[in-house]
Amino acid sequence: MKPSVVLYKTLPDDLRTRLDAHFNVTAIDGLTPENLEKYADAFRSAEGILGAGGKVDASLLDKAPKLRAASTVSVGYDNFDVEALNQRGVILMHTPTVLTETVADTMMALVLASARRVVEVAERVKAGEWQRSIGPDWFGIDVHHKKLGILGMGRIGLALAQRAHFGFSMPILYNARKHHEEAEQRFDAQYCDLDTLLKESDFLCISLPLTEQTHHLIGRQQLAKMKPGAVLINAGRGPVIDEQALIAALKDGTLHAAGLDVFEQEPLPVDSELLKLPNVVALPHIGSATHETRYGMARDAVENLIAALTGTVDKNCVNPQVLR
Ligand SMILES: NC(=O)C1=CN([C@@H]2O[C@H](COP(=O)(O)OP(=O)(O)OC[C@H]3O[C@@H](n4cnc5c(N)ncnc54)[C@H](O)[C@@H]3O)[C@@H](O)[C@H]2O)C=CC1
Ligand SMILES: O=C(O)C(=O)CO
């Protein structure tokens, strides 16, 4: 008999067909409390789950006693209680690598848009304000040759460093849990502590995962240490930055601008102060959102679940210790 799985995200037709060939699939529209109750039988018999977003914690796992594998259509897995998965011997699969270059493109787009005020001035053109040659009130700041600080030199940080080094002649500084030899050799990136990164970066780009250690890692004190007129970019996870402290730093001119793809609350509430600030470029968590990359992530997530439940896991596993 085919293993039962709960699918909580819509897949492209061909990938859904592939999933159906391996599993008895119950498709639901998200891990909402209502769906957990409505599809209680499906969760009770599920050996796998596949989807994106929503909390997977002990209370959900208690409803799925047969679960052996969870496959997320994302690289970030801060919405999973990994400790609870480990205790129950559940493998967690994710989709690193396939999205790396696309997310780095998004970060570079945020760097350029924030520095050159692309969104703000384009809106002014649409509003009919371009009536004569523009003056300094439309100007931005240069990107090329400025110092780019990367907080979180992992897969995405490395791809961003490549763009900044070769494309924009930017010296690279970085902080991470350990030295990144490839970044140092290929892009001449210099490792430094967080304080130095804050003080010296013209552009501080965050590509960190959300963990207990990174939650509000950038708060009032850290923002106060940043170079006057610096630009802050975040495409890691929203809660890495204390959003109220960021709003204050943007209002009092400590920062020139911010380019944000992620927020403490998503979707960003429409009455957020951030949306009232002209020096904020706010994107709706589109880091990996291209047709090609979102397809690749869904494909990898399907293959990951097939490997975890019916084959051999040799990559993309968050907690390989469970397999031993
Ligand atoms: N905006 C978006 O759409 C997307 C956001 N992301 C976010 O980007 C994150 C990073 O992705 P990857 O580069 O693939 O992960 P990765 O695991 O390759 O890199 C993470 C880096 O952060 C560093 N790090 C972790 N904790 C740290 C700490 N306390 N202090 C300093 N450095 C620390 C690690 O040393 C590593 O260099 C994901 O976990 C996810 O949250 C990922 C994809 C898309
Ligand atoms: O993969 C992730 O972690 C995202 O945030 C969406 O691509």
Side-chain angles (χ1 to χ4, degrees), residues 9 50-54 56 71-80 82 92-111 149-163 172-184 187 189 191-198 201 204-219 222 233-241 258-264 266-268 281-301 304 315-319:
K9 179 179 174 58
L50 189 154
V56 178
S71 179
T72 180
V73 191
S74 64
V75 61
Y77 52 85
D78 46 279
N79 52 324
F80 286 82
V82 179
L92 175 58
M93 307 294 289
H94 68 151
T95 62
T97 319
V98 64
L99 47 60
T100 298
E101 300 293 329
T102 299
V103 182
D105 285 349
T106 305
M107 294 189 80
M108 208 63 226
L110 280 171
V111 167
I150 299 180
L151 181 49
M153 182 63 91
R155 288 168 291 251
I156 295 168
L158 186 76
L160 176 65
Q162 180 178 28
R163 283 154 177 74
I172 312 286
L173 292 175
Y174 76 98
N175 177 259
R177 281 173 305 185
K178 53 184 190 320
H179 282 255
H180 198 300
E181 276 178 29
E182 189 182 346
E184 294 181 7
F187 314 129
Y191 183 89
C192 61
D193 60 26
L194 181 56
D195 273 7
T196 308
L197 193 75
L198 294 166
S201 301
L204 178 61
C205 296
I206 300 177
S207 50
L208 282 173
L210 177 60
T211 63
E212 269 173 32
Q213 294 72 40
T214 64
H215 184 268
H216 282 196
L217 184 63
I218 302 300
Q222 290 72 28
I233 304 297
N234 187 13
R237 283 291 182 264
V240 170
I241 301 179
L260 308 169
D261 188 42
V262 289
F263 301 89
E264 291 213 60
E266 295 181 10
L268 182 63
V281 177
L283 299 181
H285 201 141
I286 59 156
S288 63
T290 64
H291 290 293
E292 301 92 326
T293 294
R294 283 291 169 86
Y295 179 88
M297 290 164 68
R299 182 202 54 220
D300 285 4
N304 286 342
K315 60 177 179 187
N316 298 344
C317 184
V318 170
N319 54 352

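Atom set for the values below is all heavy atoms of this structure, side chains included, hydrogens, waters and symmetry mates excluded. Counting starts at 1 for both ligands and their atoms, following the listed order.
- Close contacts of ligand 1 with Asp261, meaning ligand atoms under 4.0 Å from a residue heavy atom, involve 1 (N), 2 (C), 3 (O).
- At least one heavy atom of Val262 sits closer than 4.0 Å to an atom of ligand 1.
- The environment of OH in Tyr77 is sparse: at most 12 heavy-atom neighbours from other residues, nucleotides or ligands sit within 6.0 Å.
- Only side-chain heavy atoms of Val75 come within less than 4.0 Å of ligand 1; its backbone N, CA, C and O stay farther off.
- In terms of the salt bridge (Lys or Arg N to Asp or Glu O under 4.0 Å) criterion, residue partners of Glu101 (sequence neighbours excluded) are, by chain and number, Arg163.
- For a threshold of 3.5 Å applied to N or O pairs, the pair formed by Met153 and ligand 1 contains at least one separation below that value.
- Residue contacts with ligand 1 do not include Pro96, since none of its heavy atoms lies under 4.0 Å from the ligand.
- In this structure, the protein non-hydrogen atom closest to atom 19 (O) of ligand 1 is Gly154 CA, 3.2 Å.
- Within 4.0 Å of ligand 2, protein heavy atoms come from Ser74, Val75, Gly76, Leu99, Arg237, His285, Ser288, Met297.
- The residue from Ala235, Gly76, Gly287 that puts a heavy atom closest to atom 6 (N) of ligand 1 is Ala235.
- Contacts between Arg155 and ligand 1 below 4.0 angstrom, taking non-hydrogen atoms only, involve backbone and side chain alike.
- Looking only at protein heavy atoms, the nearest one to atom 10 (C) of ligand 1 is Ser207 O, 3.5 Å.
- With sequence neighbours left out, the salt bridge (Lys or Arg N to Asp or Glu O under 4.0 Å) criterion links Glu182 to Arg186.
- Nearest to atom 11 (O) of ligand 1 by heavy-atom distance, out of Thr100, Ile156, Thr214, Leu110, is Ile156.
- The atoms of ligand 1 that sit less than 4.0 Å from any heavy atom of Ala176 are 31 (C), 32 (N), 35 (O), 37 (O).
- Contact annotation: for Ser74 versus ligand 1, there are no heavy atoms closer than 4.0 Å.
- Looking at Thr95, Val103, Leu208 and measuring to atom 33 (C) of ligand 1, the nearest heavy atom belongs to Leu208.
- Under the 3.5 Å distance criterion, with hydrogens and angles disregarded, no donor-acceptor pair is assigned to the side chains of Gln222 and His216.
- For Asn316, the side chain to side chain donor-acceptor pair (under 3.5 Å) test picks out Asn304, with sequence neighbours left out.
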